[in-house]
Participant: 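The following block contains the structure, expressed as structure tokens.
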Amino acid sequence: MKQRPIVAAYYFPNWHCDPRIEALHGKGWTEWRVVQYATPRFPGHQQPKVPLWGYQDESDPDVMAQKISAAKAYGVDAFIWDWYYFSDGPYRQRALEEGFLKAPNCDDVKFAIMWANHDPIYAHPGSYWKPAEVNWSGAVDPETFQACTSYCIQKFLCKPNYLRLPDGSLYFMLYRLGALVEEVGGLETAAALIREFRANVERAGLGRLHLATTVDSLSGLWKALESPEQDFSAINHTLKTLGIDSTTRYGWGYRKGFPSMDYSAWARRNRRIPEILNRRLNCPFHPNVLTGWDSSPRTVQSDMFENRPYPFGCVAVNNTPERFQEELLFAKKLLEAELAKGVIVHISCWNEWTEGAYLEPDTSYGYGYLQAVRNVFGTAEEKYKE
């Protein structure tokens with residue numbers, strides 16, 4: 001039996017006031033308004049989702065303390081923060097810096113950074129006419145890369161509860177690796193920047209950096225997955241050149257049908273992907289599990305709901321805690337397989353309420369999703385279940 005994996009949930013920080021967001025939507029706006037105004041878009045559609053804890057301000061340390069207590073009690077070991085940093089500095093950072101890190105029980109849960117290096121889009125909500133208009137550029141140049149990684153070293157990686165893997169290395173994620181390579185000027189430039197980042201971490205006395213990425217943005221991934229040869233040589237060359245230590249995913253693909261697809265059918269269609277990646281990638285793959293998918297709250301509710309680009313599109317239905325638990329069991333088996341080298345199971349997400357992917361308790365299932373995590377993985381203090 002392998003060691004209990006690290007159970008890490010992605011954390012989406014848009015439930016507090018941010019000046020950039022207020023400039024788009026008005027003073028005092030948070031994404032809770034999108035949650036509150038969601039409506040059923042087709043027969044049987046379960047909206048709105050109602051948080052059992054209410055519409056909280058995550059930048060409040062006492063609010064974050066409740067989240068930390070629940071995470072620890074139900075076996076979530078770490079929050080992987082969606083972290084935003086642009087050429088003019090950080091964005092949506094108050095939840096982490098003022099809420100989580102100042103919570104009285106902060107040290108009870110680990111945290112890590114996933115730099116979400118993408119264009120922020122106007123999808124809160126997105127209209128039928130312009131469903132995902134870009135608010136401003138999220139492109140990364142070398143200077144921005146250096147400034148962001150320096151900020152993270154000084155503010156986060158030095159914290160005692162920053163996530164370290166069993167070998168002691170610090171876990172740091174890049175969301176869109178392919179885009180980063182292109183934006184900074186190519187593979188060699190990106191590799192040099194990453195080497196500099198690693199050196200700066202070591203120079204700060206923090207030890208080794210473990211650099212992870214999501215595979216979905218890598219050029220040629222889907223062609224390699226669908227081809228009979230399943231040739232991952234080009235992708236492996238990129239990963240090796242950049243010194244990437246491990247990979248994972250944030251979401252799942254293969255949502256077929258409109259307006260909805262059964263959650264279990266969707267999950268089964270995606271099961272082959274981690275199995276292939278375990279065999280074909282030259283670095284460890286950490287499986288990810290979603291509680292569901294429903295980005296319909298991010299559409300203008302008075303617009304017609306049709307099969308259009310994000311945030312429109314297929315909704316996963318029948319995503320009960322029991323079905324979610326089945327996929328957690330599948331991820332557990334993947335990590336225990338002979339070929340597996342991963343040590344983390346990623347859960348999408350702790351709180352993506354407007355994408356229908358959240359562990360936090362709601363008025364429909366209570367603590368059901370969190371209980372499913374504990375049923376499969378126990379907690380760090382409990383014996384790992386065979």
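Please read these numbers as outputs of a predicted model, since none were measured by experiment.
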Participant: Work out which heavy atom in Ala8 is nearest to a heavy atom in Ile344; give both atom names and the distance.
Facilitator: CB-CG2, 4.0 Å

Participant: Applying side chain to side chain contact (heavy atoms under 4.5 Å, CB included), can you list everything that pairs with Leu24, at least two apart in sequence or on another chain?
Facilitator: Tyr122, Asn135, Trp136

Participant: Can a salt bridge be assigned to the pair Arg308 and Asp303 using a cut-off of 4.0 Å between side-chain N and carboxylate O?
Facilitator: no

Participant: Taking all atoms of both residues into account, what is the closest heavy-atom pair of Pro120 and Gly138, and its distance?
Facilitator: CD-N, 4.3 Å

Participant: I'd like to check the ring pair (Phe, Tyr, Trp, His ring centres under 6.0 Å) partners of Tyr10; sequence neighbours left out, ordered by chain and number.
Facilitator: Tyr250, His346

Participant: Give the ring-plane orientation class for Trp83 versus Phe156, where under 30° counts as parallel, over 60° as perpendicular and anything between as tilted.
Facilitator: perpendicular

Participant: Give a yes or no on whether Arg33 atom CZ has more than 12 heavy-atom contacts from other residues, nucleotides or ligands under 6.0 Å away.
Facilitator: no

Participant: Name all residues meeting the ring pair (Phe, Tyr, Trp, His ring centres under 6.0 Å) criterion together with Phe285; count only those two or more places apart in sequence or in a different chain, and write none if there are none.
Facilitator: none

Participant: Surrounding NZ of Lys341 (heavy atoms of other residues, nucleotides or ligands, distance under 6.0 Å), is the total greater than 12?
Facilitator: yes

Participant: So, Asp262 and Arg323, do they make that salt bridge, N to O below 4.0 Å?
Facilitator: yes

Participant: May I ask you to decide if Ala224's main-chain N or O and Ser227's side chain share a donor-acceptor pair within less than 3.5 Å?
Facilitator: yes

Participant: Looking only at side-chain N and O atoms, does His286 offer a donor or acceptor that is under 3.5 Å from a partner on Ser246?
Facilitator: yes

Participant: Is Arg298 paired with Glu352 through a side-chain N to carboxylate O contact shorter than 4.0 Å?
Facilitator: yes

Participant: Return the set of residues passing ring pair (Phe, Tyr, Trp, His ring centres under 6.0 Å) with Trp81 (not counting sequence neighbours), or none when no residue passes.
Facilitator: Tyr11, Phe100

Participant: For Asn117, does its backbone N or O pair with a side-chain atom of Arg176 as donor and acceptor, under 3.5 Å?
Facilitator: yes

Participant: Could you tell me if Asn375 and Gln371 have a donor-acceptor pair between their side chains, going purely by distance under 3.5 Å?
Facilitator: yes

Participant: Within the side chain of Asn236, is there an N or O that forms a donor-acceptor pair under 3.5 Å with the backbone of Leu281?
Facilitator: no

Participant: For Thr299 and Ser296, indicate whether the former's side chain and the latter's backbone hold a donor-acceptor pair under 3.5 Å.
Facilitator: yes

Participant: In this structure, are over 12 heavy atoms from other groups packed under 6.0 Å from Gln66 atom CD?
Facilitator: yes

Participant: Would you call Arg271 and Glu275 a salt bridge, taking side-chain N to carboxylate O under 4.0 Å as the test?
Facilitator: no

Participant: Does the salt bridge (Lys or Arg N to Asp or Glu O under 4.0 Å) test come out yes or no for Glu226 and Arg272, once each step is laid out?
Facilitator: CA-CA 11 Å; Glu226 298 297 342; Arg272 70 183 189 91; 3.0 Å; yes

Participant: Return the orientation label for the Tyr310 and Trp293 ring planes: parallel under 30°, perpendicular over 60°, tilted otherwise.
Facilitator: tilted

Participant: Would you say Asn270's side chain and Gly253's backbone share a donor-acceptor pair under 3.5 angstrom?
Facilitator: yes

Participant: My understanding is that a hydrophobic cluster links ILVMFWY residues whose side chain heavy atoms are under 4.5 Å apart, including indirect links. Using that, what else belongs to the cluster containing Val315?
Facilitator: Phe42, Tyr128, Phe258, Phe305, Phe312, Val317

Participant: Tyr254: what forms a ring pair (Phe, Tyr, Trp, His ring centres under 6.0 Å) with it, not counting sequence neighbours?
Facilitator: Trp222

Participant: From the options Val215, Ile276, Asn282, Thr238, select the one residue that forms a side-chain contact (heavy atoms from CB on, under 4.5 Å) with Phe232.
Facilitator: Ile276

Participant: Is it the case that the side chains of Glu31 and Trp15 hold a donor-acceptor pair, with the cut-off being a distance below 3.5 Å and no angle test?
Facilitator: no

Participant: Identify the heavy atoms of Phe172 and Leu157 that sit nearest to each other, and give their distance.
Facilitator: CD1-CD1, 4.2 Å

Participant: Checking side-chain polar atoms at under 3.5 Å, does Ser264 have a donor or acceptor matched by the opposite partner on Asn318?
Facilitator: no

Participant: Parallel, tilted or perpendicular: which one describes the rings of Phe145 and Phe197, with boundaries at 30° and 60°?
Facilitator: perpendicular

Participant: Return yes if some donor-acceptor pair links the side-chain N/O of Tyr162 with the main-chain N/O of Tyr171 below 3.5 Å, else return no.
Facilitator: yes

Participant: Inspect the contact between Arg249 and Asp216 and indicate whether a charged nitrogen and a carboxylate oxygen are less than 4.0 angstrom apart.
Facilitator: yes

